[in-house]
Amino acid sequence: YGKDIVCAGVSSVVIGGLNALDEIESFHIIHESGNVQIKVLDTLTNHDSIVLSTMIIQLETIKDAFPQCVEIVKRNRKKG
């Protein structure tokens with residue numbers, strides 16, 4: 001129960017967020033089998049940083065309500 005609404009919510013957040021990015025060529029986006037990876041390839045603009053932060057906050061809110069359905073993995077890019 002509830003998985004369909006969770007899927008719709010996550011999909012809306014991710015698709016809306018990706019559509020809001022100004023510099024889409026600055027990202028490598030992989031979507032497969034219900035998973036989405038967004039890899040930053042270049043320096044983030046302030047706008048894109050805000051969009052990504054907003055996406056994370058929205059996804060964390062969904063995860064808090066449905067922890068068995070959503071997993072968020074954050075990795076920092078290695079410098080050097």
* Kindly indicate whether the side chain of V51, heavy atoms from C-beta on, has any atom under 4.5 Å from the side chain of M55. => yes
* To do: May I ask you to test the V10-F66 pair for a side-chain heavy-atom distance under 4.5 Å?
  => no
* Below 4.5 Å, heavy atoms only, C-beta onward: do I38 and H28 meet side chain to side chain? -> no
* Above 12 or not: heavy atoms from other molecules or residues under 6.0 Å from CD of E71? -> no
* Structure fact -> Separation between NZ (K39) and CZ (R75), nearest 0.5 Å, reads 8.0 Å
* **Heavy-atom closest contact (I62 atom, G9 atom, distance)** => CD1-C, 3.8 Å
* Asked: Measuring from D42:CG to E23:CD, what's the distance to the nearest 0.5 Å?
  -> 8.5 Å
* To do: Using the side-chain contact (heavy atoms from CB on, under 4.5 Å) rule, take V40 and F27 through it: C-alpha gap first, then chi angles, then the decisive distance, then the call.
  => CA-CA 5 Å; V40 179; F27 301 92; 3.8 Å; yes
* To do: Indicate yes or no: at least one non-hydrogen side-chain atom of D48 is less than 4.5 angstrom from one of I50.
  => no
Enumerate, atom names and distances included, each donor-acceptor pair closer than 3.5 Å involving a side-chain atom of residues 11-22, sequence neighbours excluded.
residue: S11; atom: OG; partner: C7; partner atom: O; Å: 2.9
residue: S12; atom: OG; partner: A8; partner atom: O; Å: 2.9
residue: N19; atom: ND2; partner: I15; partner atom: O; Å: 3.3

* Distance, nearest 0.5 Å, that separates CD1 of I56 from OG1 of T61 -> 11.5 Å
* Give the cluster check for L52 versus I72: same hydrophobic cluster or not, with ILVMFWY residues linked at side-chain heavy-atom distances below 4.5 Å. => yes
